[in-house]
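Taking it in order: structure first as structure tokens, then the write-up.
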Amino acid sequence: MLVPLADSTSWSPALPPFLLASVVCMAAVPASMVLARRVGAVAEPDHSRHIHPEPTPRLGGIALFAGFAIALAVFGGPVESRWQVVAVCGAITVTMAIDDILNLPWWTKLALEVGAGTAVAALGITISFIALPYGHNLNLVWLAAPVTVVWLVGMQTSINLLDGADGVAAGVVAIVAGVLLLAAINRLEPTAGVQNGVIVLSGALMGCCVGFLVFNVHPARVFMGDSGSHFLGLALGTITVLGVAKVAVALSLLVPLVALGLPIGDTAWAIYRRRRAGVSVAEPDAGHLHHRLLALGLTVRETAMAFYLTTAILGCIGLAIFGHKKVLAVAVVLLTFALVALLYRNQRRPMETPHDDDYVILPGRAAVPTRARHGGEAD
């Protein structure tokens, strides 16, 4: 049963957690900034990958989690395994906050990612089947837990690598959470209980991201750090497992996969690029999509807007699986037009001739003008 997207009653469960998560996150960010400076969790600019101009606190993930957790504590009654979700997300936030302070080696972070995914699977939150066309389902049986762990590790890694320019990661996750919310609204029956929980979760996740963006849009006053990117990746992945991935509709997993096409694609390309260069896949570089857009001359805010528009376009395409194709086709056309206009505007902008000290060299990339170097935190 398809539920009209404009039906206000279907939206209403998302609004209270959205508002509360936003307010709590905004209130918690200044405290996280003070804490970050006291414990030394500050991102120093190095004019290579970390292209922000000033030392910036990077424990914003604590504020993100606080908004999400409190919203679920107050309004999370419909959420399946509410406290388990809060506990696992809290664990990854705290452990990755330690990484923000101590800069742990890559293999330690990978172990923590796998541990978080394993904990979710051990709680019984798994992708038990994958829906196929013509009403068929592929039951994963004993593969359910490993597939879930791989999915959750991939989500954490993708959002972590996406967190490279002011406002990009939080904005993209907010949009994808909105896509999952619409997918859940569109399939309230016959799985109303599950989908109502997904609506609440998506509202809370959107809310904490929007609250964080108040401080994280360019020029960012705080970064989410590994604590924030891993929290967002794990929360987003868990929502897909609890919701969309449990709905027996054709190719249901394509909705989050398509909506997350940008971070997943950037992650896959980063792995290929590093292996081809003969270095470890964990070796950081400045070849991510946000670096390339900045190198083309887009400002940091324009780069973030390009990510938002592209994610929204992909999200509309993913939602088309669930019906309302005409409405979503119009949205795709309008969003595509806006993205093309943004890129065209950048190409038409006259380039100023900078002084030598107006450039910063990114490894393996062309020189990037000063106006493109005030970015966020890159991996």
Side-chain angles (χ1 to χ4, degrees), residues 14-43 52 54-77 79 82-102 112 116 156 159-160 162-163 165-178 200-236 238-239 304 376-377:
L15 187 58
F18 172 86
L19 294 175
L20 182 58
S22 299
V23 171
V24 171
C25 184
M26 284 189 288
V29 165
S32 74
M33 295 169 66
V34 172
L35 176 63
R37 291 191 174 97
R38 288 186 177 180
V39 299
V42 176
H52 51 282
E54 302 291 340
T56 307
R58 57 179 183 184
L59 284 181
I62 294 175
L64 281 163
F65 170 72
F68 181 78
I70 292 177
L72 287 189
V74 177
F75 298 109
V79 177
R82 166 175 43 166
W83 300 117
Q84 292 91 324
V85 172
V86 171
V88 174
C89 288
I92 196 64
T93 303
V94 171
T95 53
M96 286 300 175
I98 296 173
D99 170 59
D100 287 327
I101 299 170
L102 301 179
L112 292 172
Q156 293 174 76
I159 303 303
N160 182 239
L162 186 66
D163 182 29
D166 296 348
V168 169
V172 167
V173 170
I175 293 170
V176 176
V200 172
L201 283 166
S202 299
L205 191 61
M206 289 174 63
C208 66
C209 288
V210 170
F212 185 71
L213 283 171
V214 173
F215 298 87
N216 189 238
V217 293
H218 181 71
R221 288 171 281 172
V222 63
F223 294 149
M224 65 176 63
D226 283 347
S227 59
S229 60
H230 284 79
F231 155 66
L232 292 180
L234 185 64
L236 198 59
T238 302
I239 292 173
E377 186 177 12

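Small disclaimer: the values here were computed from a predicted structure and weren't measured.
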Starting at [atom1] of [X], measure out to [atom2] of [Y] and round the result to the nearest 0.5 Å.
X	Y	atom1	atom2	value
C89	H230	SG	NE2	12.5 Å
L213	H218	CG	NE2	14.0 Å
C209	L236	SG	CG	8.5 Å
L59	R37	CG	CZ	11.0 Å
L234	M96	CG	CE	10.0 Å

Nearest heavy-atom neighbours spanning [X] and [Y]:
X	Y	value
A204	L72	CB-CD2, 4.3 Å
V200	G76	CG1-CA, 4.1 Å
A169	L162	CA-CD2, 4.1 Å
M206	A177	CG-CB, 3.5 Å
A170	L232	CA-CD1, 4.4 Å
D166	A220	OD2-N, 3.1 Å

Query - CA sep, side-chain torsions, deciding dist, call: V42, T56, side-chain contact (heavy atoms from CB on, under 4.5 Å) - result: CA-CA 5 Å; V42 176; T56 307; 5.6 Å; no
Requested in this report: Give the C-alpha distance, both sets of side-chain angles, the deciding distance and a yes or no for side-chain contact (heavy atoms from CB on, under 4.5 Å) between S227 and D99.
Outcome: CA-CA 8 Å; S227 59; D99 170 59; over 6 Å; no
Query raised in the report: So Q156 and L112, side-chain contact (heavy atoms from CB on, under 4.5 Å) or not? Walk me through it.
Result: CA-CA 10 Å; Q156 293 174 76; L112 292 172; over 6 Å; no
Query - With F231 via ring-ring contact (aromatic ring centres under 6.0 Å, His included) - residues at least two apart - result: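 In terms of ring-ring contact (aromatic ring centres under 6.0 Å, His included), with neighbours along the sequence ignored, F231 is linked to F65, F68.
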Query - N216 side chain vs V222 backbone, donor-acceptor pair below 3.5 Å - result: yes
Requested in this report: Mark yes or no for whether R58, through its side chain, and D100, through its backbone, hold a donor-acceptor pair below 3.5 Å.
Outcome: yes
Report task. Answer whether the closest heavy-atom distance between the side chains of L64 and T93 falls below 4.5 Å. Result ->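 The answer is no, as the side chains (C-beta and beyond) never meet within the 4.5 Å cut-off.
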Using residues 19-33 as the side-chain source, report each donor-acceptor pair under 3.5 Å to any protein atom, sequence neighbours left out, with the distance given to one decimal.
| unit_1 | atom_1 | unit_2 | atom_2 | d |
| --- | --- | --- | --- | --- |
| S22 | OG | F18 | O | 2.8 |
| S22 | OG | G207 | O | 2.9 |
| S32 | OG | V29 | O | 2.7 |

Query - Trace of the side-chain contact (heavy atoms from CB on, under 4.5 Å) decision for V88 with I92 - result: CA-CA 6 Å; V88 174; I92 196 64; 5.8 Å; no
Query - Side-chain donor-acceptor contact under 3.5 Å, D226 with N160 - result: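 A donor-acceptor contact under 3.5 Å links the two side chains.
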